[in-house]
Amino acid sequence: AIEEGVNAAIREAREVRSFAITAATPPSEYPAAMRVSDEGGSRAAFDMSTLDFIARPVLRLVEVDGVDFGPCGGTHVSSLAELQCALCVGLERNRGAVRLRFVAGG
């Protein structure tokens with residue numbers, strides 16, 4: 001099921017956007033996925049400048065249009081179409097989480 005959904009998103013050529021957020025980035029420039037709506041409009045869910053415990057000075061994030069938003073995994077494409085296809089090659093359960101191993105490309 002996961003593999004089918006991923007390959008459907010690849011065929012749709014969903015746009016992929018990357019962001020680099022630092023403590024100096026004003027919250028007004030955070031990606032939409034890091035914002036919440038309230039009566040006053042839209043605001044950042046949190047302010048990076050208050051997170052002085054982060055080990056790396058830059059938080060790299062990736063947003064797949066309409067699919068997902070999260071930390072950068074290292075592969076940089078501008079569209080899911082560049083991946084061509086994905087194949088799940090393993091699942092590993094560890095402490096309540098699941099690690100998915102996959103290959104992508106043609």
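Owing to the predicted nature of the structure, the values given are computational and were not obtained by experimental measurement. If you read the sequence from its start, that first residue is 1, and numbering goes on from there.
Checked against side-chain contact (heavy atoms from CB on, under 4.5 Å), Pro71 has no partners two or more places apart in sequence or in another chain. Under the salt bridge (Lys or Arg N to Asp or Glu O under 4.0 Å) criterion, Asp68 pairs with no residue at all, not counting sequence neighbours.
The main-chain N or O of Asp65 is found under 3.5 Å from a side-chain atom of Arg14 such that the two form a donor-acceptor pair.
A continuous path of Ile, Leu, Val, Met, Phe, Trp and Tyr side chains, each step under 4.5 Å between heavy atoms, connects Val77 with Val67, placing both in one hydrophobic cluster. Linking ILVMFWY residues whenever their side-chain heavy atoms come closer than 4.5 Å, directly or via other members, places Val62 and Ile2 in the same cluster. At a threshold of 4.5 Å between side-chain heavy atoms, the hydrophobic network of Ile, Leu, Val, Met, Phe, Trp and Tyr places Leu59 and Phe19 in one connected group. Using a 4.5 Å cut-off between side-chain heavy atoms of Ile, Leu, Val, Met, Phe, Trp and Tyr, with links allowed through other members, Val6 and Val103 fall into different hydrophobic clusters. Residue Leu100 is grouped with residue Ile10 when hydrophobic side chains (ILVMFWY) are merged at heavy-atom distances under 4.5 angstrom, including chains of intermediate members.
Considering CD of Glu12 and CG of Asn7, their distance stands at 11.0 Å, rounded to 0.5 Å.
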Below 3.5 Å, can you tabulate the donor-acceptor pairs from side chains in residues 79-96 to any protein atom, sequence neighbours excluded?
from  : atom 1 : to     : atom 2 : distance (Å)
Ser79 : OG     : Ala13  : O      : 3.4
Ser79 : OG     : Ala81  : N      : 3.1
Glu82 : OE2    : Ser78  : N      : 3.0
Glu82 : OE2    : Ser78  : OG     : 2.6
Glu82 : OE2    : Ser79  : N      : 3.4
Gln84 : OE1    : Gly106 : N      : 2.5

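The minimum heavy-atom distance linking Pro31 with Ile21 is given by the pair CD-CD1, 3.8 Å. In terms of heavy atoms, Arg60 sits closest to Ala20 at NH1-CB, 3.8 Å.
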